[in-house]
Amino acid sequence: MKSRHLAALSIVEDALQSRLADAARSVGENASEIPRVTLPPTRDPSHGDFATPVALSAAKLWKCDPMKVASALADHRDGGIAGVASLEAARPGFVNVRMAPGFWSGVIAEVLERGDDYGRSDALAHTGPVLIEFTSANPTGPLNVVQGRSGSLGATLVEMFRFAGATTASETYVNDAGAQLDTLAASLYARYAALFGVDVPFPEEGYPGDYVIDVAHKLRDRDGDKWLHAGPDERRRALGKFGRDVIVEEQRADMERFGVHFDVWFSEATLHDGGAIDDVVADLQTRGFAYEKDGAIWLRSTDCGDDRDRVLRRSDGRPTYLAADAAYHRDKLRRGYKYLVNILGPDHHGYIARLSALVAALGHPGSIEVLLAQQVTLKRGDETVAMSKRAGNTVTLAEVMDEVGVDAARFFFIERAPESHLVFDLALAVEHSQKNPVFYVQYGHARIASILRKAAETGKSALLERARAAADVAHLGHPAEIALARRLSDFERTVVDAVNDRAPHRIAEYARNVAGDFHGFYTGCIVLTDDDVLTSARLSLSIAAKTVLASSLRILGVSAPDSM
RNA sequence: GCGCUCGUAGUUCAGUUGGAUAGAAUGCCAGACUACGAAUCUGGAGGUCGGGGGUUCGAAUCCCUCCGAGCGCGCCA
């Protein structure tokens with residue numbers, strides 16, 4: 001399902017690869033190792049359409065002159081290569097490839113033919129099914145900005161994997177077991193009692209946010225004063241569960257509003273209740289990956305790359321968080337997932353080694369990968385927005401969405417490499433100007449939609465039909481037209497490379513570049529002219545650009561408006 | 001002390017796994033509409049890629065060392 005123009009490039013790569021093999025034979029015994037030919041697009045058009053540095057790496061391996069190898073690759077004596085207009089060797093040893101006329105206009109025809117499917121591939125079909133877990137949170141409060149970032153990251157990665165042909169599911173893990181739920185219950189009880197004028201001291205480490213008061217109102221609406229008279233154990237359990245359910249629903253609503261959907265919300269509590277944790281610990285023990293010491297049971301994680309062993313079951317018999325994770329990840333693997341990706345918050349990198357060790361101990365070494373969503377600093381212009389967990393003034397994802405909108409939030413969170421610290425300027429995100437990359441990209445899409453509307457309104461509907469059929473694309477040739485076509489041709493490769501490198505920010509960069517190339521084309525080439533053939537050709541290019549813009553924005557979870 | 005992430009233009013960041021003259025946005029300076037949306041475009045200035053050493057035809061990228069920032073090192077979750 002590779003696109004036609006990528007298939008055409010493969011033919012060139014294969015031809016060069018075989019010439020390289022011939023060159024190796026002529027060099028002799030030094031040339032036992034033959035590097036793979038890759039053919040990336042050139043940055044500088046004067047270097048042709050594509051260029052390979054393979055002669056340079058071959059020359060290094062073979063200890064000979066790079067130009068000699070490059071010349072052998074560019075040699076025409078045994079005939080040309082299909083689809084190639086010219087080959088040339090360039091110092092220090094690049095081979096520049098110029099494609100035959102019609103190559104770039106062919107790309108436009110292909111985009112129009114495949115529409116929303118253009119750029120899709122089956123490059124990663126062999127890797128799945130993949131399960132991506134992200135934004136796993138304590139159900140004790142609203143989602144914060146870092147969780148927004150990991151939501152944006154995870155959802156975009158899921159879309160990218162799917163676009164590249166991998167079967168992929170999204171999942172989040174609800175940490176609804178452990179002490180934090182008791183703390184939530186105690187906080188909720190204090191707020192709830194206050195509604196009846198009963199003074200219950202607020203717990204020392206309780207959750208100070210106002211949202212707990214909202215939950216208390218909901219509890220009173222449902223149950224009246226019932227819990228003022230209940231026993232402490234029953235009350236703690238009931239209030240913990242009530243608070244958990246209300247808050248998880250709010251988190252789910254926030255995520256849906258954010259355009260992030262999870263196929264599964266997995267409850268940690270179900271692992272404790274169903275005996276899965278006891279079972280997995282016993283299993284690890286029988287298989288020799290866990291042992292008893294000092295009255296506790298330890299995972300032998302040092303065998304799998306961790307720097308120390310980790311407790312699974314405490315000496316008082318209670319399982320640790322890691323034990324629950326053992327059960328959870330065994331469950332994931334038993335559900336048939338071949339590869340697991342977990343996105344964790346910035347303060348959890350110490351957990352990576354033991355998670356990998358854990359999955360290895362479960363019998364699937366190397367099948368989990370952990371990505372970190374680094375921290376986010378919020379600012380508003382020059383002013384840094386203070387966020388302190390202790391003071392209870394953390395900024396929530398919902399507040400960010402309220403202030404800048406979903407599109408800007410999704411785009412800003414995804415715009416930077418996951419592992420780099422992010423400075424999020426709320427003032428910039430709401431600005432409707434060239435400074436704001438979201439609007440720059442969306443404006444490109446709206447501008448094209450406007451041209452298409454204009455074409456229809458001015459009686460050019462027949463030309464629009466010709467354009468959709470790519471009838472006249474052979475007439476494209478202006479440098480701005482070729483630059484745009486080149487960019488569109490790079491969509492599939494960009495997605496596949498970006499997903500392989502776990503670099504979703506490159507899709508944002510790509511979308512910005514498509515928009516930029518379109519704006520350049522728009523300025524340099526008038527679309528709606530008196531020349532029907534030229535108009536039809538440029539309409540084809542515009543429609544193709546709109547299609548690719550819309551597809552990249554869809555991957556990013558950002559809307560592609562027809563007018564703004 | 002050990003570990004993880006990072007250090008690139010005034011600022012915010014890319015840099016496709018070692019390739020051609022280190023790129024973009026923003027900010028600054030100078031320009032461009034009597035046509036399809038100026039929320040746009042064109043040009044210019046701006047760099048010791050944290051410092052130093054090494055590997056080679058070639059290093060922001062790999063190795064060593066030092067400096068700096070953030071985070072983590074629990075029978076917490």
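Here the structure is a predicted model, which means the values were calculated and not measured. Convention: sequence-line order gives letters A, B, ...; per-chain numbering from 1. Atoms considered below: every heavy atom in the structure, side chains included; atoms not considered: hydrogens, waters and symmetry mates.
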Engineer: Can you check the distance between B:U55 and B:G27, where both ends of the measurement are the P atom (answer in whole Å)?
Structural biologist: 45 Å

Engineer: Need one value for A:A446: base, sugar-phosphate or nothing, where a base atom within 4.0 Å counts as base even if backbone is also close, heavy atoms only.
Structural biologist: base

Engineer: Contact class for A:Q375 (heavy atom, under 4.0 Å): base, sugar-phosphate, or nothing?
Structural biologist: sugar-phosphate

Engineer: How many whole angstroms separate atom CH2 of A:W62 from atom P of B:C57?
Structural biologist: 16 Å

Engineer: Assess whether one donor atom and one acceptor atom, taken from the side chain of A:H421 and the base of B:C6, lie less than 3.5 Å apart.
Structural biologist: no

Engineer: Could you work out the separation of B:U12 and B:C4 based on their C1' atoms and round it to a whole Å?
Structural biologist: 24 Å

Engineer: With rounding to whole Å, what would you report as the distance between B:G10 and B:G50 at their P atoms?
Structural biologist: 13 Å

Engineer: Rounded to whole angstrom, note down the P distance from B:U65 over to B:C71.
Structural biologist: 25 Å

Engineer: Test side-chain hydrogen bond (donor to acceptor under 3.5 Å, both in side chains) on A:Y321 and A:N175 and set out the steps.
Structural biologist: CA-CA 9 Å; A:Y321 184 82; A:N175 300 146; 3.2 Å; yes

Engineer: Applying a 4.0 Å non-hydrogen cut-off, can you work out what A:S57 is touching in the nucleic acid: base, sugar-phosphate, or nothing?
Structural biologist: base

Engineer: For B:A9 and B:A22, measure between their P atoms and round to the nearest Å.
Structural biologist: 15 Å

Engineer: Looking for any heavy atom pair under 4.0 Å, which part of the strands does A:S450 touch: base, sugar-phosphate only, or nothing?
Structural biologist: base

Engineer: Tell me the interatomic distance from A:D501, atom CG, to B:G15, atom C1', rounded to whole angstroms.
Structural biologist: 12 Å

Engineer: Atom CZ of A:R354 to atom P of B:A77: distance rounded to whole Å?
Structural biologist: 11 Å

Engineer: Heavy-atom nearest nucleotide on RNA chain B for A:V423 versus A:R313: which residue maps closer to 5'?
Structural biologist: A:V423

Engineer: Distance between the C1' atoms of B:G53 and B:A45, in whole angstroms?
Structural biologist: 34 Å

Engineer: Checking A:D306 against A:R310 for the salt bridge (charged side-chain N to carboxylate O under 4.0 Å, His left out) test, could you report, in this order, the C-alpha distance in whole Å, the side-chain angles of both residues, the deciding distance, and whether it holds?
Structural biologist: CA-CA 9 Å; A:D306 201 358; A:R310 308 286 173 176; 2.9 Å; yes

Engineer: Give the rounded distance in Å between these two atoms: OH of A:Y328 and P of B:A77.
Structural biologist: 17 Å

Engineer: Would you mind classifying the nucleic acid contact of A:P66 as base, sugar-phosphate or nothing, using non-hydrogen atoms under 4.0 angstrom?
Structural biologist: nothing

Engineer: The side chain of A:E419 is closest to which nucleotide in this list: B:G37, B:U12, B:U5?
Structural biologist: B:U5

Engineer: Measuring from the side chain of A:Y321 (C-beta onward, heavy atoms only), which nucleotide among B:A20, B:A77, B:C41 has the closest atom?
Structural biologist: B:A77

Engineer: Treating A:N144 as the side-chain partner and A:V146 as the backbone partner, does any N or O pair qualify as donor plus acceptor under 3.5 Å?
Structural biologist: yes

Engineer: Whole angstrom is fine here: how far is it from CG in A:D490 over to C1' in B:U16?
Structural biologist: 10 Å

Engineer: Which of the following nucleotides, B:A77, B:G72, B:A20, is nearest to the side chain of A:N96?
Structural biologist: B:A20

Engineer: A:A417 near the nucleic acid: base, sugar-phosphate alone, or nothing, with a heavy-atom cut-off under 4.0 Å?
Structural biologist: sugar-phosphate

Engineer: Could you give the CD1-to-P distance, from A:I343 to B:C4, as a whole number of Å?
Structural biologist: 21 Å

Engineer: With syn defined as a glycosidic angle within 90° of 0 and anti as the rest, where does B:U17 land?
Structural biologist: syn

Engineer: Does the pair A:F163 and A:F491 meet the rule for a ring pair (Phe, Tyr, Trp, His ring centres under 6.0 Å), with working shown?
Structural biologist: CA-CA 11 Å; A:F163 210 71; A:F491 186 36; 5.5 Å; yes

Engineer: Does A:H349 contact B:G3 through a side-chain donor or acceptor facing the base, at a distance under 3.5 Å?
Structural biologist: yes

Engineer: Mark yes or no for whether A:D407, through its side chain, and A:V558, through its backbone, hold a donor-acceptor pair below 3.5 Å.
Structural biologist: no

Engineer: A:N513 has an atom CG; how far is it from atom C1' of B:G23, in whole Å?
Structural biologist: 10 Å

Engineer: Taking atom C1' in both B:A69 and B:G54, what distance in whole Å separates the two?
Structural biologist: 26 Å

Engineer: Using whole Å, what does the distance between atom C1' of nucleotide B:C75 and atom OH of A:Y291 come to?
Structural biologist: 12 Å

Engineer: Could you check whether A:F94 and the base of B:A20 form a stacked pair, meaning centres closer than 5.5 Å and planes differing by less than 30°?
Structural biologist: yes

Engineer: Let me confirm one number: the CZ-CG distance from A:R538 to A:L476, rounded to the nearest 0.5 Å.
Structural biologist: 8.0 Å

Engineer: Once you apply a heavy-atom cut-off of 4.0 Å, does A:R308 come out as touching a base, just sugar-phosphate, or nothing?
Structural biologist: sugar-phosphate

Engineer: Check every strand shown and say whether A:D294 touches a base, only sugar-phosphate, or nothing at a heavy-atom separation below 4.0 Å.
Structural biologist: base

Engineer: Using the rule for Phe, Tyr, His and the six-membered ring of Trp, do A:H47 and B:A20 stack at under 5.5 Å and under 30°?
Structural biologist: yes

Engineer: From the set B:G37, B:C75, B:A77, return the single nucleotide nearest to any side-chain atom of A:I451.
Structural biologist: B:G37

Engineer: Is A:R487 paired with A:D517 through a side-chain N to carboxylate O contact shorter than 4.0 Å?
Structural biologist: yes

Engineer: Select from A:S315 and A:G520 the residue whose nearest nucleotide in RNA chain B is closer to the 5' end of that strand.
Structural biologist: A:G520

Engineer: Counting any heavy atom closer than 4.0 Å, what does A:S563 reach on the DNA or RNA strands: base, sugar-phosphate only, or nothing?
Structural biologist: base

Engineer: Under 4.0 Å between a side-chain nitrogen and a carboxylate oxygen: does that hold for A:R468 and A:E465?
Structural biologist: yes

Engineer: Rounding to an integer number of angstrom, what distance separates B:C63 and B:A77 when you compare their P atoms?
Structural biologist: 37 Å

Engineer: Is it true that the side chains of A:D490 and A:Y510 contain a donor and an acceptor less than 3.5 Å apart?
Structural biologist: no

Engineer: Are A:Y440 and A:H519, when compared by the centres of their aromatic rings, separated by less than 6.0 Å?
Structural biologist: yes

Engineer: OP1, OP2 of B:A24 versus side-chain N and O of A:R506: anything below 4.0 Å?
Structural biologist: no

Engineer: With the side chain counted from C-beta on, respond yes when A:L488 and A:L541 share a heavy-atom pair under 4.5 Å apart, and no when they do not.
Structural biologist: yes

Engineer: Take N1-N3 plus N6-O4 or O6-N4 for Watson-Crick, N1-O2 plus O6-N3 for G-U, both under 3.5 Å. Which runs of 3 or more such pairs involve RNA chain B?
Structural biologist: B:1-7 with B:67-73, B:10-13 with B:23-26, B:28-32 with B:40-44, B:50-54 with B:62-66

Engineer: With respect to the side chain of A:A51, which nucleotide from B:U40, B:C75, B:A20 is positioned closest?
Structural biologist: B:A20

Engineer: With sugar-phosphate meaning primed atoms plus P, OP1 and OP2, does A:H505 contact a base, only sugar-phosphate, or nothing at under 4.0 Å between heavy atoms?
Structural biologist: sugar-phosphate

Engineer: In terms of side-chain heavy atoms of A:M564, which of B:G37, B:A77, B:A20 is nearest?
Structural biologist: B:G37

Engineer: Does B:C36 have A:Y522 stacked on its base, where the ring centres are within less than 5.5 Å and the planes differ by under 30°?
Structural biologist: yes

Engineer: Phosphate oxygens OP1/OP2 of B:G74: is one of them under 4.0 Å from a side-chain N or O of A:R314?
Structural biologist: no

